[in-house]
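Within every chain, numbering begins at 1; the chains are lettered A, B, ... in the order of the sequence lines, protein sequences first and strands thereafter. Side chains included, hydrogens not; waters and symmetry mates left out as well; all remaining heavy atoms used. Computed from a predicted structure; not experimentally measured.
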Number of protein chains: 2
Amino acid sequence: MTRIADVARRAGVSTATVSRVLNGKQVRDDLAVAVRQAVDELDYSPDRTARSLRRRHSDVIALVLPDIENPFFTSLARGVEDVAQDAGYSVVLCNTDDVPAKEERYLTIAESENMAGVVIAPASTSPRLGALMSRGRGIVVVDRRVPDAVDQVTFDNVGLACRATRDLIADGHTRIACVTGPATTSTAADRAAGWRQAMAEAGLTADDELLVHANFRVDGGQAAMQSLLALDPPPHAVLATNNLVGVGVLKTLAEHSAADQFGVGIIGDLPFATSRTTDISLTPLHPREMGLTAARMLVERIRGLDAPPRIVQPEPPPAPQ
Amino acid sequence: MTRIADVARRAGVSTATVSRVLNGKQVRDDLAVAVRQAVDELDYSPDRTARSLRRRHSDVIALVLPDIENPFFTSLARGVEDVAQDAGYSVVLCNTDDVPAKEERYLTIAESENMAGVVIAPASTSPRLGALMSRGRGIVVVDRRVPDAVDQVTFDNVGLACRATRDLIADGHTRIACVTGPATTSTAADRAAGWRQAMAEAGLTADDELLVHANFRVDGGQAAMQSLLALDPPPHAVLATNNLVGVGVLKTLAEHSAADQFGVGIIGDLPFATSRTTDISLTPLHPREMGLTAARMLVERIRGLDAPPRIVQPEPPPAPQ
DNA sequence: GTTGCCTTAGCAATCGATTTCTGACATTCT
DNA sequence: AGAATGTCAGAAATCGATTGCTAAGGCAAC
């Protein structure tokens, strides 16, 4: 491997000068030209390990997610990656399976790899961010709220669920169920609260039997929907509070062909739906924009922005042309 | 941040001894105990940047994929991550969008970050792996074939497409179209070849107008399906050579309700299908197993396995219980 | 009792970059 | 002309771990 010393020798300068040229510091023109030529000739690219050691931080951002197989999070990842890429950072994707221990392990790695920053959709209700924060690393929490004083990008989940429920009510449904995620995730709790609120506003009963806590995956939605259909009387409509739960609900309904005029509301997108979705009330979330916003905020922090913690919603997507 | 010297001081030993304890080398028992206690008390974890610099390789594996939003590749990523995790490696996910320039950039980064190895589903027909290979890094190519002498995990794509086409023929279809991906990807070309072969075997004509090259995404499948339905006469059935193209095909058909008894074969899985899939001929690919196999092979290489390049198919998934 | 082997702890070199510090030289001002 | 100031290249220190080498100590064999 060619090292900086090789380049320096070939260009007839010191390693300090090579480093300065590569890092955009002021250097005499003729020397800079010689260095750049030597770099090209030797096809030199600096060892990032050594650079990180000396600089005491790397150009890598950790993206810690509960479920890398959920299209919501892959879109989010995509948004983060696009911004990071432009800003010269690479993204490490870390999958926690919503298991706090795995999450903690990844946070430790982020710390001991001296990563520049972390974007995290927390599995734990209170992830151990202290070490990273005290080291001055950038942190942005996405999707789910945490009590810590850090930048956060979240949706107005209560409002979204409330509006989605009102849509179902407007369609004439009265007995509306809600399938939400684990009670420990703030998104699941907030969206259930929104459903409850809309039902109360409309004077409808939000029976306990109509609220099902499932896991936030397809099988969770299927199991929940099956138990709802077994109720006596069954509901007329259902609000699925996340995309995969929605898929499970639709899959189950597709098998009970009797359930044709069953009302379905889904909070989230269905990029890989194979049926028509025109008769479903979809609340798109734009996870990519959430990722873009989070990554922009993170880059600002990494570059030294010193401001009180910001809690924002994702910037809306560009209007379709 | 606590450094190894702090631990050494507290335990009353040299840094060399601390390093040896942490790396499982032989050390006198009482010293080892003292070191471990000091590590616990100080909550010390070694700086991986410094370690990588000295060791000349890190504990990070790059996973270079053309489309991180495709569930096929996220499942594959999941498989790679699970194995890597167990073996003590972290995984960096790199998205190339099937753009060779992005791919090359990531390969350069993998090299200059001294990553332990790379699993790559190549965007380029001949990615520049030379630098990594000469540095002795582990490399495993997945999904798409390359001419280089490296470990590769690929499907028997010709055979898969051939069998899937035969299924459609067995269902009584004769005018069977094929929607495949960009001609530059080996998977798209091989699967198209399999379709052609099965058609020829059955004495059916594989007209040029029945073979459509699309992109390997949902919109590609939709556009292709629309053009096929516009043919005169239109085909009776279609083989979609990847999962997202299949989604596009099904979406389009769902809107042309006339096309009820249209035959559909899809090579790939539809984890997020929202309709019944019982009347579709699905060829599951088990990308997670592909990831598991690739990662296991990569870990073997990283650990020093010196054997001729291996070209294998993924191990079959465990039988459902 | 002496020699020689073996184990193992510590010193110091090392990985490859960045950056502080120093001094050479040029320029400006009096 | 001489002093003061500024610019910039290079020498060397530095980041924090791992590891080759050295030497000390323990033990066995003669």
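By the 4.0 Å N-to-carboxylate-O rule, B:Arg301 lies close enough to B:Asp151 to be salt-bridged with it. Salt-bridge check for A:Asp97 with A:Lys102: passed, with a basic side-chain N closer than 4.0 Å to an acidic carboxylate O. A salt bridge links A:Arg288 to A:Asp82: one of the charged nitrogens lies within less than 4.0 Å of a carboxylate oxygen.
Counting heavy atoms from C-beta on, the side chains of B:Pro66 and B:Arg144 come closer than 4.5 Å.
With rounding to whole Å, A:Asp29 atom CG is found 16 Å from D:dT7 atom P. When rounded to the nearest whole Å, the span between CG of B:Leu53 and P of C:dG16 equals 7 Å. The CG atom of A:Asn114 sits 9 Å away from the P atom of D:dG16 (whole-angstrom rounding). Between the CZ atom of B:Arg135 and the C1' atom of C:dC15 there is a distance of 12 Å, given to the nearest Å. Taking atom CE of residue B:Met1 and atom P of nucleotide D:dG16, one finds them 10 Å apart after rounding to whole Å. Between A:Asp30 atom CG and D:dC8 atom C1' there is a gap of 12 Å when expressed in whole angstrom units. Taking atom CG on A:Leu22 and atom C1' on C:dT19, their separation rounds to 15 Å, with Å as the unit. Taking atom CZ of residue A:Arg3 and atom P of nucleotide C:dC15, one finds them 7 Å apart after rounding to whole Å.
Between B:Glu113 and B:Ser58, the side chains place no donor N or O within less than 3.5 Å of an acceptor N or O (distance only, hydrogens not considered). In this structure, a donor-acceptor pair under 3.5 Å is present between the side chains of B:Gln85 and A:Tyr106. Between B:Tyr89 and B:Glu81, the side chains place no donor N or O within less than 3.5 Å of an acceptor N or O (distance only, hydrogens not considered). With no hydrogens or angles considered, a side-chain donor-acceptor pair links A:Asp47 and B:Asn114 at under 3.5 Å. For the 3.5 Å distance criterion, the side chains of A:Thr154 and A:Gln313 fail to qualify, holding no donor opposite an acceptor.
The shortest distance between the side-chain N/O atoms of B:Arg56 and the OP1/OP2 oxygens of C:dG16 is below 4.0 Å. Of the side-chain N and O atoms in A:Lys25, one or more sit less than 4.0 angstrom from OP1 or OP2 of C:dT19.
Counting heavy-atom neighbours within 6.0 Å of B:Arg217 CZ, excluding the residue itself, gives a total of 12 or less. Atom CZ of B:Arg105 sits in a crowded spot, with more than 12 heavy atoms from other residues, nucleotides or ligands closer than 6.0 Å.
Within residues 42-51 of chain A, the residues that have a heavy atom under 4.0 Å from DNA chain C are, in order of number, A:Tyr44, A:Pro46, A:Asp47, A:Ala50, A:Arg51. Taking a 4.0 Å limit (strictly below) on heavy-atom distances, residues 9-16 of chain B reaches DNA chain C at B:Val13, B:Ser14, B:Ala16.
Listed by chain and number, the residues in a salt bridge (Lys or Arg N to Asp or Glu O under 4.0 Å) with A:Arg3 are A:Asp6 (sequence neighbours excluded). With sequence neighbours excluded, no residue satisfies salt bridge (Lys or Arg N to Asp or Glu O under 4.0 Å) with B:Asp29.
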>> Generate the contact string for nucleotides 21-26 of chain D. Rules: B means base contact, S means sugar-phosphate contact only, - means no protein heavy atom under 4.0 Å.
In response: ------
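Across its full length, the helix from C:dG1-D:dC30 to C:dT30-D:dA1 shows an angle of 50° between the axes of its 5 terminal pairs at either end, rounded to 10 degrees.
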> Which is it for B:Glu300 and B:Arg310 under the salt bridge (Lys or Arg N to Asp or Glu O under 4.0 Å) test, yes or no, and what are the steps along the way?
Replying inline: CA-CA 12 Å; B:Glu300 288 172 1; B:Arg310 300 165 289 178; 2.6 Å; yes
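Residue contacts shown for B:Thr17 are limited to sugar-phosphate atoms, with no base heavy atom under 4.0 Å away.
Each of B:Gln26 and B:Arg55 lies near DNA chain C, and the nucleotide nearest B:Gln26 is the one positioned closer to the 5' end.
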